[in-house]
Amino acid sequence: MPADKPARLLSLDVFRGLTVVLMLLVNNAGDYTQYYRPLAHAPWHGCTPADLVFPSFVFIMGVALVYGLAAVRERPEQHRAAIWRIIRRALVLLVLGLLIGLVPYFYFTSFRIPGVLQRLALVYAVCAVLFLKTTWRQQVWLGVGLLVFYNVLLQLVPVPGIGAANLEPATNLGAWLDKQLFTVNHIFLKDKGWDPESLLGTLPTIVTGLLGVLVGQWLRRTGPDATTKAAWMLVSGSGLVLAGLVWNGWFPINKALWTSSYVLYAGGISLLVLAGLYFLVDVQQWRGAWMRPLIACGSNALLVFFLPEVLERLLTRLKLHDAHGTVFYARDWLYQHLFTQHIANPYHASLAYAVCYTLVWVGILWVLYRRRIFFTV
């Protein structure tokens, strides 16, 4: 079916902005031991709103790359140049992710190799090439195959040196592979022996990206009107959520493992959110001043992930000394003097810190947006 000319999806921009705001709230609690449950990640199995941030970004990336590469896809002679651009962008994301792990001391013997941007880089490269080179039916079957294959790997393949297949944090197959490839000195939770962005977990994350790619192709199709597209997105999103809940019965929903049930559940929620926004913003034209801060937040998504992460590492790792020679960290000092001394409830104080930190970055992003300053790769 031929596609319409690419048009900017304002609903996707709004969705990206909402995800950025939620990310800032989730990643910047004043005290993670005293933080409201919806904004904290599930301890292991299960899913909270915090666990929907990363898959939402992956899903949005999948939709967006369809619009970015749609014209090139129809011109096979341009594929080679496009693939080189894809690889270059993926490498930039990969380097930025590694740089976050090195700040502030640049200890190359013990920095983290896996990470969020590293996984995004790999998923972007694979999904973009698949969009250029395969049909939507092939993408569907590849996605199904990857989810089943990943399920088999984690639940049936014995873990070398450990024993039977299992889904425990430090002894599952993904954790074992990370320790073989990176060693414990280069993973996030080295003392516990596992990393939430394991290399093996990239396989199902590709399927999350492919869900976005499929939705992007559906939105660009001719034939169905916009209301029909929104309706089918709602139906499909509900079906994915239901399928994820059913699969959860024997392969639990788990963000750290990025289980197959989690792919369907989180992907379905992302689709439902986009469907609702698409109907309101792009179909019903329900627009206004409320959209602008969100679009501003989404317009510099890479910047607002990278810089706050770097700043957080600086504030929590660089040692300072007071007049008496006592060592302290800037973040602890800010949190204590500006929040816990004035807010008795520790949960309220932790949330207040996150809200204030988020508002500071929203203000920065608003200024950049008004000045038309955008950072992309």
Quick one: pull up CG in Asn185 and OH in Tyr107 and give me the separation to the nearest 0.5 Å.
->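 One finds 13.5 Å between CG of Asn185 and OH of Tyr107.
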
Kindly compute the distance separating CG (Leu146) from OG1 (Thr205), expressed to the nearest 0.5 Å.
->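 Leu146 CG to Thr205 OG1: 10.5 Å, rounded to 0.5 Å.
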
Sidechain-backbone polar pair: [X] side chain, [Y] backbone, donor-acceptor under 3.5 Å:
X	Y	answer
Ser350	Tyr347	no
Arg75	Ala71	yes
Ser261	Ile253	yes
Ser11	Leu274	no

Could you pull out all residues at least two apart from Tyr335 that satisfy ring pair (Phe, Tyr, Trp, His ring centres under 6.0 Å)?
->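 Result, ring pair (Phe, Tyr, Trp, His ring centres under 6.0 Å) vs Tyr335: Tyr353.
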
Let me have the donor-acceptor pairs involving side chains of residues 53-63, under 3.5 Å, with sequence neighbours excluded, atom names and distances please.
from, atom 1, to, atom 2, distance (Å)
Ser56, OG, Leu52, O, 2.6
Ser56, OG, Ser270, OG, 3.4

Where is the tightest heavy-atom contact between [X] and [Y], given as atom of each residue plus distance?
X	Y	answer
Ala243	Leu264	CB-CD1, 3.9 Å
Gly267	Leu211	CA-CD1, 4.0 Å
Val66	Arg220	CG1-CD, 3.9 Å

Assign the ring pair Tyr262 / Trp258 to parallel, tilted or perpendicular, where the plane angle (0 to 90°) is split at 30° and 60°.
->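 It falls in the perpendicular class, over 60°.
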
For the pair Trp250 and Trp247, name the ring-plane relationship: parallel under 30°, tilted 30 to 60°, perpendicular over 60°.
->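 It falls in the tilted class, 30° to 60°.
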
Evaluate the criterion side chain to side chain contact (heavy atoms under 4.5 Å, CB included) for residue pair Tyr35 and Leu351; output intermediate values, then yes/no.
-> CA-CA 7 Å; Tyr35 205 36; Leu351 179 60; 4.3 Å; yes

When you compare the side chain of [Y] with that of [X], does any pair of heavy atoms fall below 4.5 Å?
X	Y	value
Ile295	Val14	yes
Val159	Thr171	no
Phe131	Gln217	yes
Leu24	Pro308	yes

What donor-acceptor contacts under 3.5 angstrom involve side-chain atoms of residues 86-103, with partners at least two apart or in another chain?
from, atom 1, to, atom 2, distance (Å)
Arg89, NE, Val377, O, 3.4
Arg89, NH1, Tyr124, OH, 3.3

Please set out all donor-acceptor pairs under 3.5 angstrom arising from side-chain atoms of residues 357-373, sequence neighbours excluded.
from, atom 1, to, atom 2, distance (Å)
Tyr357, OH, Trp361, NE1, 3.4
Thr358, OG1, Ala354, O, 2.7

Pairs in or reaching into residues 290-317: which pass side chain to side chain donor-acceptor pair (under 3.5 Å), with residues at least two apart or in two chains?
->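 Residue pairs passing side chain to side chain donor-acceptor pair (under 3.5 Å), neighbours aside: Glu312-Arg331.
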
Going by atom types only, do Asp51 and Thr48 share a side-chain donor-acceptor pair under 3.5 Å?
->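 The answer is yes; a qualifying pair exists.
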
Return yes when atom CZ of Phe149 has more than 12 non-hydrogen atoms of other residues, nucleotides or ligands closer than 6.0 Å, and no otherwise.
->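 Not buried by this count: 12 neighbours or fewer within 6.0 Å.
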
Determine, stepwise, if the pair Leu272 / Leu234 fulfils side chain to side chain contact (heavy atoms under 4.5 Å, CB included).
-> CA-CA 5 Å; Leu272 288 173; Leu234 285 169; 4.0 Å; yes

Trace of the side chain to side chain contact (heavy atoms under 4.5 Å, CB included) decision for Met23 with Thr19 | CA-CA 6 Å; Met23 176 193 72; Thr19 307; 5.5 Å; no

Where at least one partner belongs to residues 177-217, residue pairs that pass ring pair (Phe, Tyr, Trp, His ring centres under 6.0 Å), sequence neighbours excluded |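 For residues 177-217, and leaving out neighbouring residues, the ring pair (Phe, Tyr, Trp, His ring centres under 6.0 Å) pairs sorted by first residue read Trp44-Trp194, Phe111-His186.
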
